[in-house]
Protein chains: 2
Amino acid sequence: MTTRPAAPGLRESIDRHIIARITSGEWSAGDRIPSESGFMEMFGASRMTVHHALRDLTARGFLVRHAGSGTFVAPPRPYVAEYAHLDIIEEIAARGARHRAQVLKRELAPAGTEQARAFERGEGDMLFHAVILHFEDDVPLELEDRLIAPEALPDCMAVDLGSQTLFSRLMLMRPYREGSEEVRAVLPTPEEQRLMAIAPHVPCLEITRRTWSAEGVVTAARMLRGGDRGTMHGRIRSMPAA
Amino acid sequence: MTTRPAAPGLRESIDRHIIARITSGEWSAGDRIPSESGFMEMFGASRMTVHHALRDLTARGFLVRHAGSGTFVAPPRPYVAEYAHLDIIEEIAARGARHRAQVLKRELAPAGTEQARAFERGEGDMLFHAVILHFEDDVPLELEDRLIAPEALPDCMAVDLGSQTLFSRLMLMRPYREGSEEVRAVLPTPEEQRLMAIAPHVPCLEITRRTWSAEGVVTAARMLRGGDRGTMHGRIRSMPAA
DNA sequence: AAGTGGTCTAGACCACCGT
DNA sequence: CGGTGGTCTAGACCACTTC
(Lines give C-alpha, C1' and ligand atoms only; values in the text may rest on other atoms or scores of the structure.)
Protein backbone atom coordinates (compact mmCIF):
# COMPACT_ATOMS: atom_id res chain seq x y z
CA MET A 1 0.00 0.00 0.00
CA THR A 2 1.50 3.27 -1.10
CA THR A 3 -1.37 5.67 -0.45
CA ARG A 4 -3.89 6.08 2.32
CA PRO A 5 -7.10 4.12 1.62
CA ALA A 6 -9.88 6.07 -0.02
CA ALA A 7 -12.89 7.09 2.06
CA PRO A 8 -15.90 6.19 -0.08
CA GLY A 9 -18.69 8.71 -0.21
CA LEU A 10 -16.51 11.54 1.01
CA ARG A 11 -17.51 13.70 -1.89
CA GLU A 12 -21.15 12.93 -1.29
CA SER A 13 -20.79 13.99 2.33
CA ILE A 14 -19.34 17.32 1.30
CA ASP A 15 -22.16 17.84 -1.18
CA ARG A 16 -24.82 17.06 1.40
CA HIS A 17 -23.15 19.16 4.04
CA ILE A 18 -23.20 22.20 1.80
CA ILE A 19 -26.67 21.66 0.34
CA ALA A 20 -28.11 21.29 3.81
CA ARG A 21 -26.65 24.59 4.90
CA ILE A 22 -27.94 26.35 1.82
CA THR A 23 -31.46 24.97 1.74
CA SER A 24 -31.87 25.49 5.48
CA GLY A 25 -30.96 29.11 5.07
CA GLU A 26 -27.91 28.91 7.34
CA TRP A 27 -25.88 30.10 4.37
CA SER A 28 -27.73 32.50 2.11
CA ALA A 29 -27.18 33.99 -1.32
CA GLY A 30 -23.90 35.80 -1.65
CA ASP A 31 -22.34 34.36 1.49
CA ARG A 32 -18.77 33.26 1.16
CA ILE A 33 -18.23 29.66 2.14
CA PRO A 34 -14.99 27.95 3.25
CA SER A 35 -12.20 27.55 0.72
CA GLU A 36 -11.05 24.28 -0.75
CA SER A 37 -8.31 23.98 1.82
CA GLY A 38 -10.91 24.68 4.49
CA PHE A 39 -13.00 21.71 3.40
CA MET A 40 -9.85 19.59 3.03
CA GLU A 41 -9.23 20.03 6.74
CA MET A 42 -12.88 19.69 7.78
CA PHE A 43 -13.35 16.42 5.91
CA GLY A 44 -9.82 15.09 5.75
CA ALA A 45 -10.16 14.97 1.97
CA SER A 46 -7.73 15.67 -0.83
CA ARG A 47 -8.09 18.78 -2.88
CA MET A 48 -9.41 16.99 -5.97
CA THR A 49 -12.23 15.52 -3.94
CA VAL A 50 -13.19 18.85 -2.47
CA HIS A 51 -12.75 20.59 -5.78
CA HIS A 52 -15.04 18.25 -7.64
CA ALA A 53 -17.66 18.41 -4.93
CA LEU A 54 -17.69 22.18 -5.26
CA ARG A 55 -17.55 22.02 -9.03
CA ASP A 56 -20.56 19.74 -9.04
CA LEU A 57 -22.57 22.07 -6.82
CA THR A 58 -21.60 24.95 -9.07
CA ALA A 59 -22.89 23.09 -12.11
CA ARG A 60 -26.09 22.36 -10.22
CA GLY A 61 -26.59 26.02 -9.50
CA PHE A 62 -25.98 26.12 -5.78
CA LEU A 63 -22.63 27.87 -5.81
CA VAL A 64 -20.73 30.49 -7.73
CA ARG A 65 -16.96 30.40 -7.76
CA HIS A 66 -14.49 33.17 -8.54
CA ALA A 67 -10.88 32.18 -9.01
CA GLY A 68 -8.77 34.30 -6.76
CA SER A 69 -11.53 35.41 -4.45
CA GLY A 70 -13.53 32.43 -3.26
CA THR A 71 -16.70 30.35 -3.37
CA PHE A 72 -20.10 31.91 -2.74
CA VAL A 73 -23.70 30.79 -2.39
CA ALA A 74 -25.41 31.42 -5.74
CA PRO A 75 -28.40 33.73 -6.00
CA PRO A 76 -31.66 31.76 -6.14
CA ARG A 77 -32.74 30.78 -9.60
CA PRO A 78 -35.86 32.31 -11.03
CA TYR A 79 -38.94 30.16 -10.78
CA VAL A 80 -40.39 28.64 -13.90
CA ALA A 81 -43.59 26.81 -14.67
CA GLU A 82 -42.92 23.60 -16.51
CA TYR A 83 -45.42 21.62 -18.54
CA ALA A 84 -44.56 18.06 -19.41
CA HIS A 85 -46.72 15.91 -21.69
CA LEU A 86 -46.32 17.93 -24.82
CA ASP A 87 -47.38 14.72 -26.49
CA ILE A 88 -51.11 14.29 -26.13
CA ILE A 89 -50.92 10.51 -26.40
CA GLU A 90 -48.57 10.41 -23.41
CA GLU A 91 -50.74 12.88 -21.53
CA ILE A 92 -53.82 10.75 -21.97
CA ALA A 93 -51.96 7.56 -21.16
CA ALA A 94 -50.66 9.14 -17.96
CA ARG A 95 -54.26 9.62 -16.88
CA GLY A 96 -54.97 6.00 -17.62
CA ALA A 97 -57.39 6.85 -20.36
CA ARG A 98 -57.68 5.74 -23.97
CA HIS A 99 -56.60 7.83 -26.94
CA ARG A 100 -58.09 7.87 -30.40
CA ALA A 101 -57.31 10.13 -33.33
CA GLN A 102 -59.59 11.16 -36.17
CA VAL A 103 -57.75 12.49 -39.19
CA LEU A 104 -59.74 15.31 -40.75
CA LYS A 105 -57.09 16.34 -43.23
CA ARG A 106 -53.74 15.10 -44.41
CA GLU A 107 -52.21 16.57 -47.54
CA LEU A 108 -49.20 18.05 -49.21
CA ALA A 109 -50.14 21.47 -50.47
CA PRO A 110 -48.45 24.69 -51.55
CA ALA A 111 -47.93 27.24 -48.80
CA GLY A 112 -50.27 30.20 -48.63
CA THR A 113 -49.08 33.71 -47.81
CA GLU A 114 -49.51 33.33 -44.09
CA GLN A 115 -47.95 29.89 -43.98
CA ALA A 116 -44.96 30.88 -46.08
CA ARG A 117 -44.20 33.68 -43.67
CA ALA A 118 -44.50 31.44 -40.62
CA PHE A 119 -42.04 29.04 -42.22
CA GLU A 120 -39.72 31.69 -43.57
CA ARG A 121 -39.86 30.29 -47.06
CA GLY A 122 -41.43 31.04 -50.42
CA GLU A 123 -45.13 31.15 -51.14
CA GLY A 124 -46.17 28.08 -53.07
CA ASP A 125 -43.50 25.82 -51.56
CA MET A 126 -44.94 22.48 -50.60
CA LEU A 127 -45.91 21.95 -46.96
CA PHE A 128 -47.43 18.99 -45.21
CA HIS A 129 -50.75 19.89 -43.59
CA ALA A 130 -52.73 17.79 -41.15
CA VAL A 131 -55.84 18.38 -39.07
CA ILE A 132 -56.41 15.83 -36.34
CA LEU A 133 -59.05 15.52 -33.66
CA HIS A 134 -57.80 13.75 -30.54
CA PHE A 135 -60.25 11.91 -28.29
CA GLU A 136 -59.82 10.87 -24.68
CA ASP A 137 -62.17 7.99 -23.96
CA ASP A 138 -64.26 9.05 -26.96
CA VAL A 139 -64.59 12.64 -25.74
CA PRO A 140 -62.97 15.21 -28.04
CA LEU A 141 -60.05 16.74 -26.18
CA GLU A 142 -57.89 18.55 -28.69
CA LEU A 143 -58.13 19.78 -32.24
CA GLU A 144 -54.68 19.91 -33.83
CA ASP A 145 -53.93 21.86 -36.98
CA ARG A 146 -50.34 21.28 -37.99
CA LEU A 147 -47.96 22.29 -40.75
CA ILE A 148 -44.68 20.48 -41.27
CA ALA A 149 -41.68 21.09 -43.50
CA PRO A 150 -41.81 17.93 -45.65
CA GLU A 151 -38.04 17.35 -45.65
CA ALA A 152 -38.15 17.08 -41.86
CA LEU A 153 -40.56 14.15 -42.02
CA PRO A 154 -40.19 12.36 -45.34
CA ASP A 155 -42.77 9.72 -44.50
CA CYS A 156 -45.33 12.28 -43.33
CA MET A 157 -48.08 10.86 -45.52
CA ALA A 158 -47.51 7.35 -44.18
CA VAL A 159 -47.23 7.82 -40.40
CA ASP A 160 -49.79 5.91 -38.37
CA LEU A 161 -51.47 8.75 -36.54
CA GLY A 162 -53.39 6.45 -34.22
CA SER A 163 -50.32 5.22 -32.37
CA GLN A 164 -48.07 8.28 -32.42
CA THR A 165 -48.37 12.01 -32.73
CA LEU A 166 -46.69 13.98 -35.46
CA PHE A 167 -44.94 16.00 -32.80
CA SER A 168 -43.35 13.02 -31.09
CA ARG A 169 -42.42 11.51 -34.43
CA LEU A 170 -40.70 14.71 -35.47
CA MET A 171 -38.83 15.14 -32.21
CA LEU A 172 -37.77 11.52 -32.19
CA MET A 173 -36.02 11.79 -35.51
CA ARG A 174 -33.72 14.57 -34.43
CA PRO A 175 -33.79 15.44 -30.74
CA TYR A 176 -32.27 18.65 -29.39
CA ARG A 177 -34.57 21.04 -31.16
CA GLU A 178 -36.03 24.21 -29.73
CA GLY A 179 -39.39 25.87 -29.98
CA SER A 180 -41.75 28.47 -28.69
CA GLU A 181 -45.30 28.25 -27.47
CA GLU A 182 -48.14 30.65 -26.78
CA VAL A 183 -51.31 30.04 -24.84
CA ARG A 184 -54.44 32.14 -25.16
CA ALA A 185 -58.10 31.80 -24.31
CA VAL A 186 -60.41 31.89 -27.32
CA LEU A 187 -63.98 31.18 -28.30
CA PRO A 188 -64.12 28.39 -30.84
CA THR A 189 -65.85 28.95 -34.16
CA PRO A 190 -69.17 27.19 -34.68
CA GLU A 191 -67.40 24.56 -36.77
CA GLU A 192 -64.86 23.97 -34.01
CA GLN A 193 -67.64 23.81 -31.42
CA ARG A 194 -69.29 21.08 -33.43
CA LEU A 195 -66.12 19.06 -33.92
CA MET A 196 -65.20 19.29 -30.26
CA ALA A 197 -68.75 18.78 -29.01
CA ILE A 198 -68.61 21.98 -27.00
CA ALA A 199 -71.54 24.18 -26.02
CA PRO A 200 -71.64 27.73 -27.38
CA HIS A 201 -69.76 30.37 -25.40
CA VAL A 202 -67.56 27.77 -23.71
CA PRO A 203 -64.02 29.09 -24.05
CA CYS A 204 -61.04 27.01 -25.14
CA LEU A 205 -57.31 27.10 -24.71
CA GLU A 206 -55.47 27.85 -27.91
CA ILE A 207 -51.87 26.67 -27.94
CA THR A 208 -49.67 27.85 -30.78
CA ARG A 209 -46.36 26.12 -31.13
CA ARG A 210 -43.41 26.49 -33.47
CA THR A 211 -40.35 24.27 -33.48
CA TRP A 212 -37.13 24.72 -35.40
CA SER A 213 -33.71 23.26 -35.94
CA ALA A 214 -30.57 24.81 -37.34
CA GLU A 215 -32.01 24.43 -40.86
CA GLY A 216 -35.16 26.40 -40.13
CA VAL A 217 -38.73 25.99 -39.00
CA VAL A 218 -39.71 22.36 -38.70
CA THR A 219 -43.33 22.56 -37.68
CA ALA A 220 -46.01 25.02 -36.67
CA ALA A 221 -49.20 23.95 -34.97
CA ARG A 222 -52.35 25.32 -33.43
CA MET A 223 -54.01 23.19 -30.78
CA LEU A 224 -57.47 23.89 -29.44
CA ARG A 225 -58.40 22.34 -26.12
CA GLY A 226 -61.98 22.32 -24.98
CA GLY A 227 -63.30 23.83 -21.77
CA ASP A 228 -62.52 22.20 -18.45
CA ARG A 229 -61.37 19.02 -20.16
CA GLY A 230 -58.47 20.88 -21.70
CA THR A 231 -56.91 22.17 -18.50
CA MET A 232 -53.12 22.16 -18.57
CA HIS A 233 -51.25 20.91 -15.51
CA GLY A 234 -47.75 22.10 -14.75
CA ARG A 235 -45.30 22.36 -11.94
CA ILE A 236 -43.37 25.24 -10.47
CA ARG A 237 -39.64 24.71 -10.14
CA SER A 238 -36.67 26.72 -9.13
CA MET A 239 -33.99 24.14 -8.75
CA PRO A 240 -32.49 21.51 -11.00
CA ALA A 241 -32.75 18.87 -8.23
CA ALA A 242 -31.60 19.13 -4.67
CA MET B 1 9.55 19.19 -13.09
CA THR B 2 8.28 15.81 -12.00
CA THR B 3 5.15 15.45 -14.16
CA ARG B 4 4.33 16.17 -17.76
CA PRO B 5 2.86 19.66 -18.24
CA ALA B 6 -0.92 19.88 -18.18
CA ALA B 7 -2.78 20.44 -21.43
CA PRO B 8 -5.34 23.14 -20.62
CA GLY B 9 -8.79 22.69 -22.05
CA LEU B 10 -8.31 19.02 -22.63
CA ARG B 11 -11.46 18.20 -20.76
CA GLU B 12 -13.37 20.79 -22.73
CA SER B 13 -12.17 19.23 -25.97
CA ILE B 14 -13.42 15.85 -24.91
CA ASP B 15 -16.79 17.33 -23.96
CA ARG B 16 -17.16 19.13 -27.27
CA HIS B 17 -16.02 16.11 -29.24
CA ILE B 18 -18.70 13.95 -27.67
CA ILE B 19 -21.50 16.53 -27.76
CA ALA B 20 -20.83 17.18 -31.43
CA ARG B 21 -21.17 13.50 -32.25
CA ILE B 22 -24.38 13.21 -30.29
CA THR B 23 -26.18 16.32 -31.50
CA SER B 24 -25.15 15.64 -35.09
CA GLY B 25 -26.71 12.21 -34.86
CA GLU B 26 -23.46 10.38 -35.60
CA TRP B 27 -23.93 8.65 -32.25
CA SER B 28 -27.54 8.01 -31.34
CA ALA B 29 -29.43 6.98 -28.24
CA GLY B 30 -28.26 3.69 -26.80
CA ASP B 31 -25.01 3.59 -28.74
CA ARG B 32 -22.00 2.53 -26.79
CA ILE B 33 -19.17 5.04 -26.92
CA PRO B 34 -15.44 4.46 -26.30
CA SER B 35 -14.33 3.58 -22.79
CA GLU B 36 -12.28 5.79 -20.53
CA SER B 37 -9.08 4.13 -21.65
CA GLY B 38 -10.19 4.66 -25.23
CA PHE B 39 -10.46 8.39 -24.73
CA MET B 40 -7.20 8.42 -22.78
CA GLU B 41 -5.42 7.22 -25.90
CA MET B 42 -7.38 9.38 -28.32
CA PHE B 43 -6.70 12.57 -26.40
CA GLY B 44 -3.51 11.72 -24.55
CA ALA B 45 -5.29 12.52 -21.32
CA SER B 46 -5.12 10.98 -17.88
CA ARG B 47 -8.00 8.91 -16.62
CA MET B 48 -9.24 11.52 -14.16
CA THR B 49 -9.56 14.03 -16.96
CA VAL B 50 -11.48 11.66 -19.15
CA HIS B 51 -13.53 10.44 -16.24
CA HIS B 52 -14.67 13.88 -15.24
CA ALA B 53 -15.47 14.86 -18.78
CA LEU B 54 -17.73 11.84 -19.04
CA ARG B 55 -19.13 12.40 -15.58
CA ASP B 56 -20.01 15.96 -16.52
CA LEU B 57 -21.81 14.88 -19.68
CA THR B 58 -23.69 12.30 -17.65
CA ALA B 59 -24.86 14.96 -15.22
CA ARG B 60 -25.94 17.09 -18.16
CA GLY B 61 -28.04 14.28 -19.52
CA PHE B 62 -26.06 13.35 -22.63
CA LEU B 63 -24.68 10.05 -21.41
CA VAL B 64 -25.61 7.11 -19.25
CA ARG B 65 -22.89 5.07 -17.61
CA HIS B 66 -23.01 1.54 -16.22
CA ALA B 67 -20.09 0.38 -14.13
CA GLY B 68 -18.85 -2.85 -15.55
CA SER B 69 -20.42 -2.50 -18.97
CA GLY B 70 -19.69 0.88 -20.47
CA THR B 71 -20.82 4.37 -21.42
CA PHE B 72 -23.84 4.91 -23.65
CA VAL B 73 -25.63 7.78 -25.33
CA ALA B 74 -28.61 8.69 -23.16
CA PRO B 75 -32.12 8.49 -24.55
CA PRO B 76 -33.41 11.92 -25.54
CA ARG B 77 -35.09 13.80 -22.75
CA PRO B 78 -38.78 14.44 -23.04
CA TYR B 79 -39.68 17.86 -24.28
CA VAL B 80 -41.18 20.34 -21.86
CA ALA B 81 -42.76 23.74 -22.26
CA GLU B 82 -41.23 26.24 -19.90
CA TYR B 83 -42.77 29.53 -18.85
CA ALA B 84 -40.52 32.09 -17.22
CA HIS B 85 -41.77 35.35 -15.77
CA LEU B 86 -43.94 33.89 -13.07
CA ASP B 87 -43.62 37.31 -11.55
CA ILE B 88 -45.90 39.70 -13.38
CA ILE B 89 -43.78 42.72 -12.56
CA GLU B 90 -40.80 41.09 -14.25
CA GLU B 91 -42.94 40.02 -17.18
CA ILE B 92 -44.14 43.55 -17.77
CA ALA B 93 -40.68 45.02 -17.27
CA ALA B 94 -39.30 42.56 -19.83
CA ARG B 95 -41.72 44.01 -22.37
CA GLY B 96 -40.49 47.48 -21.51
CA ALA B 97 -43.87 48.51 -20.17
CA ARG B 98 -44.95 50.07 -16.91
CA HIS B 99 -46.58 48.16 -14.08
CA ARG B 100 -49.11 49.43 -11.61
CA ALA B 101 -51.04 47.54 -8.94
CA GLN B 102 -54.42 48.36 -7.48
CA VAL B 103 -55.09 46.65 -4.17
CA LEU B 104 -58.74 45.67 -3.99
CA LYS B 105 -58.46 43.69 -0.80
CA ARG B 106 -55.84 42.96 1.83
CA GLU B 107 -56.88 41.35 5.07
CA LEU B 108 -56.24 38.67 7.63
CA ALA B 109 -59.35 36.56 7.91
CA PRO B 110 -60.37 33.12 9.17
CA ALA B 111 -60.29 30.38 6.57
CA GLY B 112 -63.56 29.24 5.05
CA THR B 113 -64.32 25.60 4.34
CA GLU B 114 -62.87 25.66 0.86
CA GLN B 115 -59.79 27.58 1.85
CA ALA B 116 -59.06 25.40 4.86
CA ARG B 117 -59.07 22.37 2.63
CA ALA B 118 -56.78 23.95 0.07
CA PHE B 119 -54.32 24.74 2.85
CA GLU B 120 -54.69 21.45 4.66
CA ARG B 121 -55.47 23.16 7.94
CA GLY B 122 -58.43 23.86 10.21
CA GLU B 123 -61.45 25.93 9.31
CA GLY B 124 -61.26 29.29 11.02
CA ASP B 125 -57.45 29.45 11.08
CA MET B 126 -56.24 32.86 10.07
CA LEU B 127 -55.13 33.34 6.46
CA PHE B 128 -53.85 36.38 4.66
CA HIS B 129 -56.04 37.27 1.70
CA ALA B 130 -55.28 39.79 -1.03
CA VAL B 131 -56.97 40.74 -4.28
CA ILE B 132 -54.82 42.78 -6.62
CA LEU B 133 -55.43 44.15 -10.09
CA HIS B 134 -52.25 44.49 -12.14
CA PHE B 135 -52.03 47.06 -14.94
CA GLU B 136 -49.64 47.18 -17.86
CA ASP B 137 -49.40 50.76 -19.10
CA ASP B 138 -52.76 51.46 -17.41
CA VAL B 139 -54.50 48.55 -19.12
CA PRO B 140 -55.74 45.85 -16.74
CA LEU B 141 -53.70 42.71 -17.40
CA GLU B 142 -54.21 40.36 -14.48
CA LEU B 143 -56.55 39.97 -11.56
CA GLU B 144 -54.81 38.15 -8.72
CA ASP B 145 -56.67 36.55 -5.84
CA ARG B 146 -54.19 35.15 -3.36
CA LEU B 147 -54.20 33.37 -0.01
CA ILE B 148 -51.06 33.09 2.07
CA ALA B 149 -50.18 31.23 5.23
CA PRO B 150 -49.40 34.17 7.53
CA GLU B 151 -46.38 32.55 9.18
CA ALA B 152 -44.74 32.32 5.76
CA LEU B 153 -44.88 36.08 5.29
CA PRO B 154 -45.00 37.79 8.68
CA ASP B 155 -45.03 41.28 7.20
CA CYS B 156 -47.81 40.44 4.75
CA MET B 157 -49.90 43.44 5.75
CA ALA B 158 -46.97 45.83 5.27
CA VAL B 159 -45.46 44.74 1.94
CA ASP B 160 -45.39 47.48 -0.69
CA LEU B 161 -47.43 45.86 -3.44
CA GLY B 162 -46.55 48.49 -5.99
CA SER B 163 -42.90 47.54 -6.22
CA GLN B 164 -43.00 43.78 -5.66
CA THR B 165 -45.43 40.93 -6.01
CA LEU B 166 -46.48 38.76 -3.13
CA PHE B 167 -45.23 35.78 -5.06
CA SER B 168 -41.71 37.08 -5.52
CA ARG B 169 -41.60 38.27 -1.93
CA LEU B 170 -42.60 34.82 -0.72
CA MET B 171 -40.14 32.98 -2.92
CA LEU B 172 -37.35 35.34 -1.99
CA MET B 173 -37.63 34.61 1.69
CA ARG B 174 -37.11 30.90 1.29
CA PRO B 175 -36.09 29.72 -2.15
CA TYR B 176 -36.21 26.06 -3.13
CA ARG B 177 -39.95 25.61 -2.86
CA GLU B 178 -42.14 23.66 -5.23
CA GLY B 179 -45.58 24.21 -6.63
CA SER B 180 -48.20 23.23 -9.13
CA GLU B 181 -50.10 25.24 -11.66
CA GLU B 182 -53.18 24.77 -13.79
CA VAL B 183 -54.32 26.76 -16.78
CA ARG B 184 -57.86 26.85 -18.07
CA ALA B 185 -59.94 29.04 -20.32
CA VAL B 186 -62.92 30.67 -18.58
CA LEU B 187 -65.49 33.38 -19.10
CA PRO B 188 -65.10 36.09 -16.49
CA THR B 189 -68.02 37.03 -14.29
CA PRO B 190 -69.65 40.41 -14.98
CA GLU B 191 -67.79 41.85 -12.01
CA GLU B 192 -64.47 40.55 -13.34
CA GLN B 193 -65.28 41.87 -16.81
CA ARG B 194 -65.81 45.30 -15.31
CA LEU B 195 -62.60 45.25 -13.28
CA MET B 196 -60.51 44.05 -16.20
CA ALA B 197 -62.28 46.27 -18.75
CA ILE B 198 -63.12 43.32 -20.93
CA ALA B 199 -66.05 43.02 -23.32
CA PRO B 200 -68.69 40.37 -22.59
CA HIS B 201 -67.98 36.89 -23.95
CA VAL B 202 -64.25 37.55 -24.24
CA PRO B 203 -62.58 34.54 -22.63
CA CYS B 204 -59.74 34.72 -20.13
CA LEU B 205 -56.93 32.51 -18.99
CA GLU B 206 -57.37 31.31 -15.44
CA ILE B 207 -54.13 30.25 -13.77
CA THR B 208 -54.40 28.45 -10.46
CA ARG B 209 -51.19 28.05 -8.54
CA ARG B 210 -50.28 26.43 -5.24
CA THR B 211 -46.83 26.54 -3.67
CA TRP B 212 -45.57 24.62 -0.68
CA SER B 213 -42.54 23.98 1.44
CA ALA B 214 -41.72 21.15 3.79
CA GLU B 215 -44.01 22.70 6.41
CA GLY B 216 -47.08 22.74 4.19
CA VAL B 217 -48.94 24.96 1.74
CA VAL B 218 -47.49 28.43 1.57
CA THR B 219 -49.77 30.16 -0.89
CA ALA B 220 -52.65 29.50 -3.24
CA ALA B 221 -53.61 31.93 -5.96
CA ARG B 222 -55.99 32.36 -8.85
CA MET B 223 -54.91 34.67 -11.63
CA LEU B 224 -57.21 35.85 -14.36
CA ARG B 225 -55.65 37.21 -17.52
CA GLY B 226 -57.73 39.07 -20.03
CA GLY B 227 -58.20 38.09 -23.67
CA ASP B 228 -55.35 38.56 -26.10
CA ARG B 229 -53.45 40.76 -23.68
CA GLY B 230 -53.06 37.84 -21.34
CA THR B 231 -51.33 35.47 -23.76
CA MET B 232 -48.62 33.36 -22.10
CA HIS B 233 -45.30 32.94 -23.91
CA GLY B 234 -43.15 29.91 -23.30
CA ARG B 235 -40.35 27.96 -24.84
CA ILE B 236 -39.96 24.33 -25.74
CA ARG B 237 -36.85 22.63 -24.43
CA SER B 238 -35.43 19.20 -24.32
CA MET B 239 -31.94 19.82 -23.11
CA PRO B 240 -30.39 21.49 -20.10
CA ALA B 241 -27.88 23.40 -22.26
CA ALA B 242 -25.66 22.05 -24.97
C1' DA C 1 -9.98 -13.07 -15.56
C1' DA C 2 -10.29 -8.95 -18.11
C1' DG C 3 -12.54 -4.79 -18.76
C1' DT C 4 -15.55 -1.04 -17.18
C1' DG C 5 -16.78 2.71 -14.43
C1' DG C 6 -16.61 4.89 -9.22
C1' DT C 7 -13.79 6.91 -6.08
C1' DC C 8 -9.97 8.92 -3.58
C1' DT C 9 -4.95 10.62 -2.89
C1' DA C 10 -0.83 13.31 -3.71
C1' DG C 11 1.54 16.46 -6.25
C1' DA C 12 2.01 19.85 -9.70
C1' DC C 13 1.53 24.33 -12.69
C1' DC C 14 -1.24 28.22 -13.81
C1' DA C 15 -4.07 32.65 -13.72
C1' DC C 16 -6.32 35.61 -10.97
C1' DC C 17 -7.52 38.50 -6.79
C1' DG C 18 -6.54 41.10 -2.95
C1' DT C 19 -3.35 43.33 0.17
C1' DC D 1 2.94 38.42 -2.07
C1' DG D 2 -0.18 34.66 -0.26
C1' DG D 3 -4.61 32.70 -0.97
C1' DT D 4 -8.15 31.13 -4.18
C1' DG D 5 -9.92 28.48 -7.72
C1' DG D 6 -8.90 25.85 -12.60
C1' DT D 7 -6.69 22.23 -14.52
C1' DC D 8 -4.07 18.07 -15.38
C1' DT D 9 -1.16 13.73 -14.16
C1' DA D 10 -0.06 9.33 -12.07
C1' DG D 11 -1.23 5.76 -9.23
C1' DA D 12 -4.28 3.18 -6.42
C1' DC D 13 -8.38 0.24 -4.58
C1' DC D 14 -13.03 -1.21 -5.27
C1' DA D 15 -17.47 -3.26 -7.17
C1' DC D 16 -19.64 -4.72 -10.97
C1' DT D 17 -20.37 -6.98 -15.62
C1' DT D 18 -19.12 -9.98 -19.10
C1' DC D 19 -17.01 -13.89 -20.86
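Note that these values count all heavy atoms, side chains included, but never hydrogens, waters or copies made by symmetry. Protein chains get the first letters and strands the later ones, always in sequence-line order, with residue 1 at the start of each.
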Q. For B/Ala118, does its backbone N or O pair with a side-chain atom of B/Arg210 as donor and acceptor, under 3.5 Å?
A. yes
Q. What is the distance, rounded to the nearest whole Å, between atom CZ of A/Arg11 and atom P of C/dT9?
A. 12 Å
Q) Hey, are A/Arg77 and A/Ser238 close enough side-chain-wise for a donor-acceptor pair under 3.5 Å? A) no
Q: Give a yes/no on whether any side-chain N or O of B/Thr71 is located under 4.0 angstrom from OP1 or OP2 of C/dT4.
A: no
(Q) What is the separation between atom NE2 on B/His66 and atom P on D/dT17, rounded to the nearest whole Å? (A) 10 Å
Q: Measure from CZ on B/Phe43 to C1' on D/dT7 and round the result to the nearest Å.
A: 16 Å
Q) Are any of A/Ser37's side-chain N or O atoms less than 4.0 Å away from OP1 or OP2 of D/dT4? A) yes
Q. Mapping B/Glu36 and B/Met48 to their closest nucleotides on DNA chain C, which lands nearer the 5' end?
A. B/Glu36
Q. Does any N or O in the side chain of A/Asp56 come within less than 3.5 Å of the main-chain N or O of A/Ala53, such that one atom is a donor and the other an acceptor?
A. no
Q.
Just the rounded figure in Å: distance from P of D/dG6 to CG of B/Leu10.
A. 17 Å
Q) Hey, is the main chain of B/Ser69 close enough, under 3.5 Å, to the side chain of B/Arg32 for a donor-acceptor pair? A) yes
Q | Integer-rounded Å distance: D/dG3 P and A/Met40 CE | A | 13 Å
Q: Just do the side chain to side chain contact (heavy atoms under 4.5 Å, CB included) check on A/Leu86 and A/Met171 with the steps written out, would you?
A: CA-CA 11 Å; A/Leu86 266 53; A/Met171 298 304 109; over 6 Å; no
Q.
Return the CG to CZ distance between A/Asp137 and A/Arg229, rounded to the nearest 0.5 Å.
A. 12.0 Å
Q. End-to-end bend of the helix from C/dA1-D/dT18 to C/dG18-D/dC1 (five-pair axes, 10° rounding)?
A. 0°
Q: Calculate, to the nearest 0.5 Å, the distance between atoms CE and CZ belonging to A/Met173 and A/Arg169 respectively.
A: 5.5 Å
**Q.** Phosphate OP1/OP2 of D/dT9 contacted by B/Ser46 side-chain N/O (<4.0 Å)
**A.** yes
Q) Quick one: is B/Arg65 getting a side-chain N or O under 4.0 Å of the C/dG6 phosphate, OP1 or OP2? A) yes
Q | SB check A/Arg95 A/Glu136 (cutoff 4.0 Å) | A | yes
Q) Toward the 5' end of DNA chain D, which comes first, B/Arg47 or B/Gly68, by nearest nucleotide? A) B/Arg47
Q: Go through D/dC13, C/dT4, D/dT17 for me and flag the one nearest to the B/Ser35 side chain.
A: C/dT4
Q. Charged N to carboxylate O under 4.0 angstrom, B/Arg65 versus B/Glu36?
A. yes
Q: Write down the distance between CG (B/Leu57) and P (C/dG6), rounded to a whole number of angstrom.
A: 13 Å
**Q.** For atom CZ of B/Arg32 and atom P of C/dG3, their distance in whole Å
**A.** 12 Å
Q) Of the residues in residues 49-56 of chain A, which ones touch DNA chain D at a heavy-atom distance under 4.0 Å? A) A/His51, A/Arg55
